[in-house]
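Everything below concerns the one structure shown next.
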Amino acid sequence: MKTFNQKKDKTSILKRRAIAIFKSKLKRKIKKQRLRSGLAKYLANIRKLYPKAPKVNLNTFRRRTKLPPRPLYGELTNYFLKTKNAFGNEKLKNESNIFMVPSVFSLADNYKESSEFLRKLFNALERQSFDEIILDYENCNQINVDASICMDIILSDFINHYNECHRTGHSTKVNSIEPRNFEKDEVKKVLFSIGAFRTLKQVKIKFDNVIELPLCIGNRNNENSPKIREVHITKMVDYIIACLEKMNRNLSVDAEGNLYKVIGEVIINAEEHSNTSKRYAIGYFEDKQDESHHFGVFNLAILNFGNSIYETFKSSDCKNIAVVKQMENLSESYTNRNFFKKAEFEEETLWTLYALQQGVTRKSDWKRGNGSIQFIESFFELKGDSNCDSISQMTITSGNARIIFNGEYGIVKKKKGKNEDIYKMMTFNNSGDINEKPDKRFVTFVENFFPGTLITARIYINDNNTENL
């Protein structure tokens, strides 16, 4: 016969078991409700995008299989997340879902404001801060190809991620990204010829006074990468020729061949010097007429994302030990003379400038180090004269280093070695000596880190100068 205590223990066990079963059932019920509410949100998003889509009765919903894992971010988004200060401080945020595009949206002309705009947009997309994101161009009067393509790359990566989430049954908070107030001619022309409407929505408008070089994307992981690179180089040279013809100018056979070589090396550098797989090029030319004369403005941007120039030479993987030693010696000389100043001119700035000199390359093959300086020289020759103007400028931005070439300081020719071979340098000082500190107006340290290397060329071409090149 069971004692009173034994009966009490059995009752206690049964109660605990009943409570455990109840909790388990409740947990399954809550989980099912969450799943159904997630599906409801997903279906609501689908109905917004596709109003005619058939409705699904949630009462008949039964969970049959688990959702696949949430899709991962793309290569570039992961790289920007890893690079905490890419474009700007990782803590930057927009106070509302309306993102006011800067009045001058250009990394070449308005770097700080434009780069911080990109970072705020990136943060909002990654954190999914808003249901709807509005890009407002009301205050924008100028868009340059460099800022435009960086924004489009960021948007494209996130849109692809969101679409993949929806395809696999996962919901996203961001359900729309829309532009508004883009009716100004200077804005509309860029957006519909090489900007977001053309690149992301495949909506193009042809403007009589605009010649565009559509976005060229190279991927070194593609087995056809060399062929694609040749196609892109040809497209770029053809684009330059078309722009010059608009101004009644043309290239000689030698000048055309030189452009192929110069652009080719810069494109190869953009592929090889990056630790991400893609490189980009885009161009925009506008034929203009003011009260006094007819002229054109040519724009080209070539960029990659990954290690900066400084990071590349600082890396233990850099093959050209001799060049790195020269840079280290130069750094020591600058340090001894107190040339380095925090957030104005640092070692990174110096090494980036040195890397642009003729014959300097991270490769062990010295013949490869001619691209940057010849690129600058060749593009300024497109003007047809050596005069400085308020438009023509080439800007190289890499990491925290920024170098601006507008012709005020020329390219210096020097003799080297026993054979006194001529080599070219850019020193940005009156002495023409790389050992002397460059002019801080043109060689400087920038606060916001550019996560790769960007070359932006803008050339003023005057119709009055009809000399063939």
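- At a cut-off of 3.5 Å, with distance as the only test, no side-chain donor of Arg167 or Asn163 sits close to an acceptor on the other residue.
- Panel note: side chain Gln289, backbone His293; a donor-acceptor pair is recorded below 3.5 Å.
- In summary, the side chains of Asp136 and Asn181 do present a donor paired with an acceptor at a separation below 3.5 Å, with no hydrogens or angles considered.
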### Query
Where do Thr349 and Glu347 land on the side-chain hydrogen bond (donor to acceptor under 3.5 Å, both in side chains) test, with the steps shown first?
CA-CA 5 Å; Thr349 327; Glu347 183 180 77; over 6 Å; no
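- For the side chain to side chain donor-acceptor pair (under 3.5 Å) with Ser398, the lone residue among Asn307, Thr453, Thr352 that qualifies is Thr453.
- Judged by distance alone, with hydrogens and angles left aside, the side-chain atoms of Thr276 form a donor-acceptor pair with the main-chain N or O of Phe305 at under 3.5 Å.
- Between Ile134 atom CD1 and Ser96 atom OG the span is 8.0 Å, to the nearest 0.5 Å.
- The line from CG of Leu244 to CD1 of Ile461 is 5.0 Å long, rounded to the nearest 0.5 Å.
- To the nearest 0.5 angstrom, Ser193 atom OG is 9.5 Å from Ile205 atom CD1.
- There is no side-chain donor-acceptor pair under 3.5 Å between Thr456 and Asn144.
- When atom types are taken as modelled, the side chain of Thr168 and the backbone of Cys165 share a donor-acceptor pair closer than 3.5 angstrom.
- Closest approach of Val443 and Ile403 over heavy atoms only: CG1-CG1, 4.2 Å.
- Of the charged side-chain nitrogens involved, none lies within less than 4.0 Å of a carboxylate oxygen, so that Lys246 and Glu286 do not count as a salt-bridged pair.
- Looking at Met394 and Phe375, their side chains come closer than 4.5 Å, going by heavy atoms from C-beta outward.
- Counting only N and O atoms by type, the side chains of Glu113 and Asn110 include a donor and acceptor under 3.5 Å apart.
- Between Phe298 and Phe379, a ring centre-to-centre spacing shorter than 6.0 Å is recorded.
- Under the 6.0 Å cut-off for aromatic ring centres, Tyr460 and Phe295 qualify, their centroids lying closer than that.
- We find that Asp152 and Arg198 are not joined by a salt bridge, their nearest charged nitrogen and carboxylate oxygen being 4.0 Å or further apart.
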### Task
Might you work through the salt bridge (charged side-chain N to carboxylate O under 4.0 Å, His left out) test for Glu164 and Arg70, ending with a clear yes or no?
CA-CA 9 Å; Glu164 188 63 17; Arg70 192 173 186 84; over 6 Å; no
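- Remark: the backbone N or O of Ile153 is not paired with any side-chain donor or acceptor of Asp157 at under 3.5 angstrom.
- Residues Tyr137 and Lys184 form no side-chain contact, since every pair of their non-hydrogen atoms from C-beta on lies 4.5 Å or further apart.
- The backbone N or O of Tyr73 sits less than 3.5 Å from a side-chain atom of Asn78, completing a donor-acceptor pair.
- More than 12 heavy-atom neighbours from other residues, nucleotides or ligands sit within 6.0 angstrom of CD on Glu183.
- Here Tyr111 and Phe450 keep their ring centres 6.0 angstrom or further from each other.
- For the pair Asn97 (side chain) and Glu132 (backbone), a donor-acceptor distance under 3.5 Å is present.
- Classification of Glu138 and Arg180 as a salt-bridged pair fails, no side-chain N sitting under 4.0 Å from a carboxylate O.
- Counting only heavy atoms from C-beta outward, the side chains of Asp109 and Arg458 approach each other to under 4.5 Å.
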### Message
Show, in sequence, the C-alpha distance, side-chain angles and deciding distance for Leu350 and Phe345, and conclude whether the side-chain contact (heavy atoms from CB on, under 4.5 Å) test is met.
### Response
CA-CA 7 Å; Leu350 174 64; Phe345 188 85; 4.0 Å; yes
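- When all heavy atoms are compared, the tightest approach of Phe80 to Arg119 is O-NH1, 4.0 Å.
- Nearest heavy-atom pair across Leu72 and His161 is O-ND1, 3.4 Å.
- Taking a 6.0 Å sphere around NZ of Lys235, one finds it holds 12 or fewer heavy atoms contributed by other residues, nucleotides or ligands.
- Considering every non-hydrogen atom in both Ile217 and His232, the closest pair reads O-CE1, 3.3 Å.
- Looking at Gln357 and Lys424, their side chains never come closer than 4.5 Å, going by heavy atoms from C-beta outward.
- Ring centroids of Phe313 and Tyr354 are separated by 6.0 Å or more, keeping the two rings apart.
- Between Ile396 and Leu454, every side-chain heavy-atom pair lies at or beyond the 4.5 Å cut-off.
- Exactly one of Lys278, Arg220, Arg229 qualifies for a side chain to side chain donor-acceptor pair (under 3.5 Å) with Glu271. That residue is Arg229.
- Between the CD atom of Glu90 and the CG atom of Leu81 there is a distance of 9.0 Å, given to the nearest 0.5 Å.
- Looking at Asp254 and Ser252, their side chains never bring a donor and an acceptor atom within 3.5 Å of each other.
- Using modelled atom types and a 3.5 Å distance limit, the side chains of Glu75 and Thr77 yield no donor-acceptor pair.
- Put simply, the side chain of Asn400 gets close to the backbone of Glu447: a donor and an acceptor are under 3.5 Å apart.
- Closest of all the heavy-atom pairs between Ser308 and Glu348 is OG-OE2, 4.1 Å.
- Phe87 places none of its side-chain heavy atoms less than 4.5 Å from the side chain of Lys120.
- No side-chain heavy atom of Val446 sits less than 4.5 Å from a side-chain heavy atom of Lys112.
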### Derivation of the side-chain contact (heavy atoms from CB on, under 4.5 Å) call for Ser129 and Asn123
CA-CA 8 Å; Ser129 308; Asn123 287 345; over 6 Å; no
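- Here the side chains of Cys318 and Thr312 are not in contact, with every heavy-atom distance at 4.5 Å or above.
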#### Entry: Working for side-chain contact (heavy atoms from CB on, under 4.5 Å), residues Asn139 and Val101
CA-CA 7 Å; Asn139 300 331; Val101 181; over 6 Å; no
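- No side-chain donor-acceptor contact under 3.5 Å links Thr83 to the backbone of Asn85.
- Taking the six-membered ring for Trp and the full ring otherwise, Phe197 and Phe182 have centroids separated by under 6.0 Å.
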### Task
Could you walk me through whether Asp146 and Leu303 pass side-chain contact (heavy atoms from CB on, under 4.5 Å), step by step?
CA-CA 9 Å; Asp146 50 14; Leu303 65 151; over 6 Å; no
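- If you look at Tyr310 and Trp351, their ring centroids are closer than 6.0 Å.
- Closest of all the heavy-atom pairs between Pro438 and Thr427 is CB-O, 3.4 Å.
- Note that CG of Leu300 and CG of Leu213 are 6.5 Å apart. Values are rounded to the nearest 0.5 Å.
- Judged by distance alone, the side chains of Ser225 and Asn222 never bring a donor and an acceptor atom under 3.5 Å apart.
- For His294 (side chain) and Asp287 (main-chain N/O), no donor-acceptor pair under 3.5 Å exists by modelled atom type.
- Side chain of Tyr79 to backbone of Gly306: a donor-acceptor contact under 3.5 angstrom is found.
- Between Tyr409 and Phe442, the distance separating the two ring centers is shorter than 6.0 angstrom.
- Here CG of Leu121 is found 8.5 Å from CG of Asn94. Values are rounded to the nearest 0.5 Å.
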